[in-house]
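Indexing begins at 1, ligand by ligand and atom by atom, following the structure's order.
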Amino acid sequence: MQVLGIESSCDETGVALVETQGNGLPRLRAHALHSQIAMHQAYGGVVPELASRDHIRRVLPLAEEVFARAGATAADVDVVAFTRGPGLAGALLVGAGVACALAMALDRPVLGVHHLEGHLLSPFLSADAPEFPFVALLVSGGHTQLMRVDGVGAYALLGETIDDAAGEAFDKSAKLLGLPYPGGPWLAKLAEGGNAEAFKLPRPLLHSGNLDFSFAGLKTAVLTQAKKLGGDLEARKADLAASTQAAIVEVLVKKSLAALDATGLHRIVVAGGVGANRLLRAQLDAACARRGVRVHYPKLHLCTDNGAMIAMAAAMRLQAGPQQAVRDYGFGVLPRWPLDATDGAALQA
Ligand code: KG4
Ligand code: ZN
């Protein structure tokens, strides 16, 4: 079975073709991606209306690119999957509209996929695929969650951020340091030349006794430090970046270890854009190696949003359960959609 996946929830348009293989893991045949980052950079953040319009321009040419790379045609597609939510409503509607129109024209069923389920299952696209059950640390621009994952569709929320997401903490701190959008990778780069112990920044909720996160206070602390430094900020920027990154990473690592303790599991999957962060990878790898815990990451270029993870999640869902794809082209989207509520909603894609 060939599954076409379309991602358009935020500022990346992604399309991919995945093929199921008996009971084995689905195989990625081809994927193509267009990032709108350069377009939004002038505004310091994503402009939703511009995002939607750009998705419209990109999605069909990207689909053609995917078919060309895979040596396939639209007629080979058995199911069309799309990101149903969460995300920007207008941006989601573009992917949903195109997916449903294509499926209707081809007389094929559609399947709406949860964006975070895509991130969560993206490590299955790497050579070192995980096995169920595992703990998942989902760290993106919009979400920070720890989940217990027992199988496809079996997700239990263990803890999440009560305010800003980890990616948001990176992005907002980076903005305060005058770095371009999205600031995460820029801040990480700047931090390489800095001293992580130069500034004492808060580790919010580190000892809260639960698995929730809070990052809003960190951004305020960075702002306070930046103001205090005044004219010296430029010279101390790398130190402040390194201290900020260290604070975010320490909280993510310690809470992940606490989630492993709480569940008794020995496997963790890291997914979402912040999963590309090198310090996070190094510290989590080291801590988990000491405890005999296996850590799985998506391929680096599949950490941030892409179509491959959406096609993969759809293919894994279709393999795991009864037919969930339907010939219903009413393309509803769910801009707000909790991941542990995917079951009922996915049935009415
Ligand atoms: O998963 P993603 O592409 O989009 C969402 O679904 O939100 O994540 C984007 C986020 C941004 O906040 C970006 O700054 C962050 O991931 N990010 C990073 C790195 N690469 C991307 N944060 C820290 N270090 C990185 N290397
Ligand atoms: Zn994402």
message: Can you see whether R58 engages Q36 through a side-chain donor-acceptor pair at a distance of less than 3.5 angstrom?
response: no
statement: re atom 21 (C) of ligand 1, the protein heavy-atom contact at minimum distance is G273 O, 3.3 Å
message: Can you confirm whether the side chains of H115 and D305 place a donor and an acceptor under 3.5 Å from each other?
response: yes
- prompt: Which option out of V249, V139, D305, N277 puts a heavy atom nearest to atom 23 (C) of ligand 1?
  reply: N277
query: Do L137 and Y297 belong to the same hydrophobic cluster, where Ile, Leu, Val, Met, Phe, Trp and Tyr are linked whenever their side-chain heavy atoms lie under 4.5 Å apart, directly or via other members?
result: yes
- request: Please indicate whether K175 has more than 12 foreign heavy atoms, meaning atoms of other residues, nucleotides or ligands, lying under 6.0 Å from its NZ.
  value: no
- request: Please state which part of H115 comes within less than 4.0 Å of ligand 1, counting heavy atoms only: side chain, backbone, both or neither.
  value: side chain
message: Any donor-acceptor pair under 3.5 Å linking the side-chain atoms of T13 with those of H34?
response: no
field: Atoms of ligand 1 close to G142 [distance to a heavy atom under 4.0 angstrom, numbered from 1]
entry: 7 (O)
field: C10 touching ligand 1 at heavy-atom level, < 4.0 angstrom
entry: no
The Zn ion (ligand 2) neighbourhood, protein N/O/S only, threshold under 2.8 Å: H115 NE2, H119 NE2, D305 OD1
message: Is it the case that the ring center of H114 lies less than 6.0 angstrom away from the ring center of H119?
response: no
For T304, the ligand 1 atoms whose distance to one of its heavy atoms is below 4.0 Å: 3 (O)
query: Is atom CZ of R53 surrounded by more than 12 heavy atoms (other residues, nucleotides or ligands) closer than 6.0 Å?
result: no
query: Please state which protein non-hydrogen atom is closest to atom 22 (N) of ligand 1 and give its distance, to 0.1 Å?
result: G184 CA, 3.5 Å
- request: Would you tell me whether Q245 and N277 have side-chain atoms, one donor and one acceptor, within less than 3.5 Å of each other?
  value: yes
- request: Kindly assign one of parallel, tilted or perpendicular to the pair F134 and F132, based on the angle between their ring planes and the thresholds 30° and 60°.
  value: parallel
- prompt: Within 45° of the axis and under 6.0 Å from the centre of the six-membered ring of Y155, does NZ or CZ of R148 qualify?
  reply: no
- line: Atoms of ligand 1 under 4.0 Å from any heavy atom of G141, numbered from 1 in the order shown, are 5 (C), 7 (O), 8 (O), 9 (C), 10 (C), 12 (O)
- prompt: Hey, does H119 sit under 4.0 Å from ligand 1 if you only count heavy atoms?
  reply: yes
query: Pick one: which of D163, T161, D164 meets side-chain hydrogen bond (donor to acceptor under 3.5 Å, both in side chains) with S214?
result: D163
field: atom 12 (O) of ligand 1 - nearest protein heavy atom and its distance
entry: D171 OD2, 2.7 Å
message: Under a 4.0 angstrom heavy-atom cut-off, which atoms of ligand 1 come close to G167?
response: 12 (O)
